[in-house]
Amino acid sequence: MPELPEVETVREGLERHAVGRTVEAARIVHPRAVRRDPRGPAGFEAAMAGRPFKKAERRGKYLWLTLDDGETLLAHLGMSGQLLIGDPDRPMSPHVRARFTFTDGGPDLRFTDQRTFGHLLLAPLTTDAVATPGEQPSPCMEGSRPPSPLAPGTPRCAPDGKDRHLIGRTDDAASADAAVSAGRAVPVPIAHIAPDPMEGAFDAAKFAARLRRKHTGVKRALLDQSLVSGVGNIYADEALWRAKLHWARPTETLRGPEVSRLLAAVTEVLGEALRAGGTSFDALYVNVNGESGYFDRSLNAYGREGEPCGRCGTPIRRDAFMNRSSYSCPHCQPRPRNAHL
DNA sequence: CGTCCTACCTGGAGGC
DNA sequence: TGCCTCCAGGTAGGAC
């Protein structure tokens, strides 16, 4: 499945092959692909026509293309999503959910997704009151509204600009905690997502403080995208293995050095995966094949039930966790007595 | 409000 | 061979 490194590879591909081009037409082949867009398929198609792709950005596993008027085309690849650029005349695969053609008549962009967990939507950018110098302030600047843009009745930054000024950062420090990060504008629907550990806006001290304030198991916390984004089941297990922490360890009992170890492990695991997964792809293909080279070589815990731990040789254990699996070393990561299951 | 649980979806694997 | 069940995963939104 596309993890953070694959999403970054896709972002780079889009930067290379889609940025600087203008959409001629968008076609939604499967309505579920835009289920989070309040415009619906027809409205989405209409709103995308003639829009330029100016920039390709990413936070965690979300990526977006910046359009004009402070709007973005936001994408999540879910479990099986791909964004492919290629010859516009090639046959349509059965899993194509959306297609974009360009005014230059060149390669088209297709969103394919077998399991349809992924989605696309048009969304305005939030802006931070303390935007970084040099960054263009978007029109959506004033007002103070919590980041729940898709709730029914919530005004959004509409393409016609009518309620554009209702969207912006919230000044409520508590709810803005994760939402607005050091000068970075992000699409409104993901304003509640915390920065991922690979971006400059990530605040290690804040992460540590918020983590220790929680009352849950440490793996649940790692998967909580409002605490830290970009960590999924695989990297959570890998980071916990490195940090020698059991997945059910109560967050409120974590000591300072353990939190530091954990964050270092998360950063290392993601960094290595990025370096391994962000490899080249050929000129007309935005690569997401779901297989990072990293997965084959470097997993120490995930998916390795019964195989010896790379540190101590004890067979890796698999536990049921949140309707899925957790892998850990019974020796290096002993279950705490007061586990948060 | 913080935490927890479930629906969503499809195709591949394995059981019988 | 074929059908059935299970499993994988991230997220939103509702329950508590």
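Within every chain, numbering begins at 1; the chains are lettered A, B, ... in the order of the sequence lines, protein sequences first and strands thereafter. Please read these numbers as outputs of a predicted model, since none were measured by experiment.
- Residues satisfying the side-chain contact (heavy atoms from CB on, under 4.5 Å) test with Asn338(A), not counting sequence neighbours, are Pro250(A), Thr253(A), Pro336(A).
- With respect to the salt-bridge test (charged N to carboxylate O, under 4.0 angstrom), the residues Asp319(A) and Arg317(A) qualify.
- Taking the six-membered ring where the residue is Trp, the centroids of Phe102(A) and Phe53(A) are separated by under 6.0 Å.
- The side chain of Arg36(A) contributes no N or O atom lying less than 4.0 Å from OP1 or OP2 of dT11(C).
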Could you give me the CA-CA distance, side-chain angles and deciding distance for Leu262(A) and Leu245(A), then say whether side chain to side chain contact (heavy atoms under 4.5 Å, CB included) is met?
CA-CA 8 Å; Leu262(A) 177 60; Leu245(A) 291 169; 4.0 Å; yes
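- Remark: Tyr62(A) is in phosphate contact with dA12(C), judged by side-chain N or O atoms under 4.0 Å from OP1 or OP2.
- In this structure, Ser80(A) reaches neither bases nor backbone, as no heavy-atom distance under 4.0 Å exists between it and the strands shown.
- The side chain of Lys214(A) places an N or O atom within less than 4.0 Å of a non-bridging phosphate oxygen (OP1 or OP2) of dT3(B).
- For dT11(C), the OP1/OP2 oxygens have a side-chain nitrogen or oxygen of His76(A) closer than 4.0 Å.
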Polar atom pairs between nucleotides 9-11 of chain B and protein, under 3.5 Å, N or O only, would you list them?
from    : atom 1 : to        : atom 2 : distance (Å)
dT10(B) : O2     : Arg115(A) : NE     : 3.4

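- Atoms CZ and CD, on Arg304(A) and Glu238(A) in that order, are 8.5 Å from each other to the nearest 0.5 Å.
- Whole-Å rounding puts the Lys219(A) NZ to dC5(B) P distance at 15 Å.
- Seen from the ring of Trp241(A), Arg311(A) counts as a face-on cation partner, given the 6.0 Å and 45° thresholds.
- Computed from coordinates, the Asp224(A) CG to dA12(C) P distance equals 11 Å when rounded to whole Å.
- Here dT3(B) presents its P atom at 11 Å from CZ of Arg220(A), a figure rounded to the nearest Å.
- No engagement by Gly78(A) is indicated, since no non-hydrogen atom pair under 4.0 Å with the nucleic acid exists.
- One interatomic measurement links the two molecules: CG of Leu227(A) to P of dC4(B), which rounds to 13 Å at whole-angstrom precision.
- With Arg97(A) contributing its side chain and Asp113(A) its backbone, the two residues share a donor-acceptor pair below 3.5 Å.
- Closest to the side chain of Thr216(A), from the set dT3(B), dA12(C), dG10(C), is dT3(B).
- As a whole-Å value, the separation of Asp113(A) CG from dG10(C) P is 14 Å.
- The distance between atom CD of Glu305(A) and atom P of dC7(C), rounded to the nearest whole Å, is 12 Å.
- A salt bridge links Asp68(A) with Arg51(A): at least one charged nitrogen is closer than 4.0 Å to a carboxylate oxygen.
- Here dA8(C) is the nucleotide among dG10(C), dA12(C), dA8(C) with the atom lying nearest to any side-chain atom of Arg318(A).
- In terms of phosphate contacts, His192(A) brings a side-chain nitrogen or oxygen within less than 4.0 Å of OP1 or OP2 of dA12(C).
- Across all strands shown, His215(A) has heavy atoms under 4.0 Å from sugar-phosphate atoms exclusively, and none from any base.
- Within 3.5 Å, a donor on the side chain of Arg324(A) pairs with an acceptor on the base of dG10(C), or the reverse.
- Atom CG of Leu121(A) and atom P of dA12(C) are 10 Å apart (whole Å).
- Closest to the side chain of Asn323(A), out of dA12(C), dC4(B), dT6(B), is dT6(B).
- Between the CG atom of Leu74(A) and the C1' atom of dG10(C) there is a distance of 14 Å, given to the nearest Å.
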